[in-house]
J.: 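Have a look at this one before I ask anything.
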Amino acid sequence: MADENTEMDKLLRAYKARMHIFHNSEDDNLKDILKSSMDEIKRMTGSDDISIPGIRNLVLERSRYVYNDATEYFEDSFQSQIIGVSLVVSEKAGDFDEDNVQASDDLER
């Protein structure tokens with residue numbers, strides 16, 4: 001639990017720096033936003049490991065969209081990054097096997 005809080009505090013500091021937020025009055029709300037973004041990014045990519053730079057960036061960016069009441073635009077704006085990070089996560093987990101991927105031409109035959 002302590003490591004989780006430490007990671008959330010690091011993420012909160014990074015988010016506040018990114019958003020130029022210099023006060024602490026919104027910290028509880030910002031942590032809730034970051035947590036919900038982590039949950040959504042895990043749903044989209046299969047991972048919430050913020051040590052992966054792509055995951056961390058997606059969590060921060062989605063949180064920015066939530067904070068600015070523009071959540072509905074996030075997935076369309078970051079679709080290619082979401083797909084790319086999903087592939088990295090799958091490859092790291094061993095779920096992605098390039099030898100089993102067939103070209104669309106092979107499937108038509």
Side-chain angles (χ1 to χ4, degrees):
M1 185 75 169
D3 288 339
E4 192 175 301
N5 286 335
T6 301
E7 288 301 315
M8 181 56 76
D9 289 338
K10 287 180 185 177
L11 194 60
L12 177 63
R13 284 193 300 274
Y15 179 75
K16 287 172 70 171
R18 166 84 168 82
M19 297 294 293
H20 304 284
I21 299 172
F22 303 107
H23 55 83
N24 297 328
S25 62
E26 290 185 271
D27 283 5
D28 289 339
N29 182 48
L30 296 177
K31 285 181 181 181
D32 289 343
I33 289 172
L34 289 164
K35 177 65 176 126
S36 70
S37 290
M38 287 177 70
D39 293 343
E40 282 300 303
I41 296 304
K42 183 176 183 175
R43 179 189 62 80
M44 293 177 208
T45 66
S47 177
D48 61 356
D49 182 357
I50 59 172
S51 69
I52 300 171
I55 297 286
R56 182 182 178 90
N57 185 56
L58 286 171
V59 168
L60 292 172
E61 290 299 331
R62 184 182 182 282
S63 297
R64 182 173 63 89
Y65 274 65
V66 171
Y67 186 80
N68 290 306
D69 294 322
T71 311
E72 64 272 16
Y73 302 112
F74 174 77
E75 286 189 51
D76 288 340
S77 297
F78 286 88
Q79 184 176 28
S80 63
Q81 290 90 336
I82 292 166
I83 292 169
V85 170
S86 296
L87 290 173
V88 168
V89 168
S90 293
E91 194 172 279
K92 283 187 174 192
D95 296 339
F96 181 78
D97 185 1
E98 196 171 310
D99 295 333
N100 290 330
V101 175
Q102 297 178 345
S104 60
D105 291 340
D106 294 341
L107 295 175
E108 292 175 4
R109 294 183 195 160

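These figures come from a predicted structure and were not determined experimentally.
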J.: Which heavy atom of L34 sits nearest a heavy atom of S63, and at what distance?
T.: CD2-OG, 3.3 Å
J.: Which heavy-atom pair separates D48 from I55 by the least distance, and what is that distance?
T.: C-CG2, 4.0 Å
J.: For Y15, check ring pair (Phe, Tyr, Trp, His ring centres under 6.0 Å) against everything at least two apart and list the hits.
T.: none
J.: Mind listing the closest non-hydrogen atom pair of F78 and Y65 along with its distance?
T.: CE1-CE1, 3.5 Å
J.: Does K35 come within less than 4.0 Å of D39, counting only side-chain N to carboxylate O?
T.: yes
J.: Can you name the residues that form a salt bridge (Lys or Arg N to Asp or Glu O under 4.0 Å) with D32, not counting sequence neighbours?
T.: none
J.: Just jot down the side-chain hydrogen bond (donor to acceptor under 3.5 Å, both in side chains) partners of Q81, sequence neighbours excluded, or say none.
T.: none
J.: Does the pair K42/D49 count as a salt bridge with the N-to-O cut at 4.0 Å?
T.: no
J.: If you take all heavy atoms of S37 and V59, which pair is closest and at what distance?
T.: CB-O, 3.7 Å
J.: Using the ring of each side chain (for Trp, its six-membered ring), is F22 parallel, tilted or perpendicular to H20, with breaks at 30° and 60°?
T.: tilted
J.: Ignoring hydrogens and angles, tell me if any N or O in the side chain of N57 forms a donor-acceptor pair with the backbone of P53 under 3.5 Å.
T.: no
J.: So, for K16 and H23, which heavy atoms are closest and what is the spacing to 0.1 Å?
T.: NZ-O, 2.8 Å
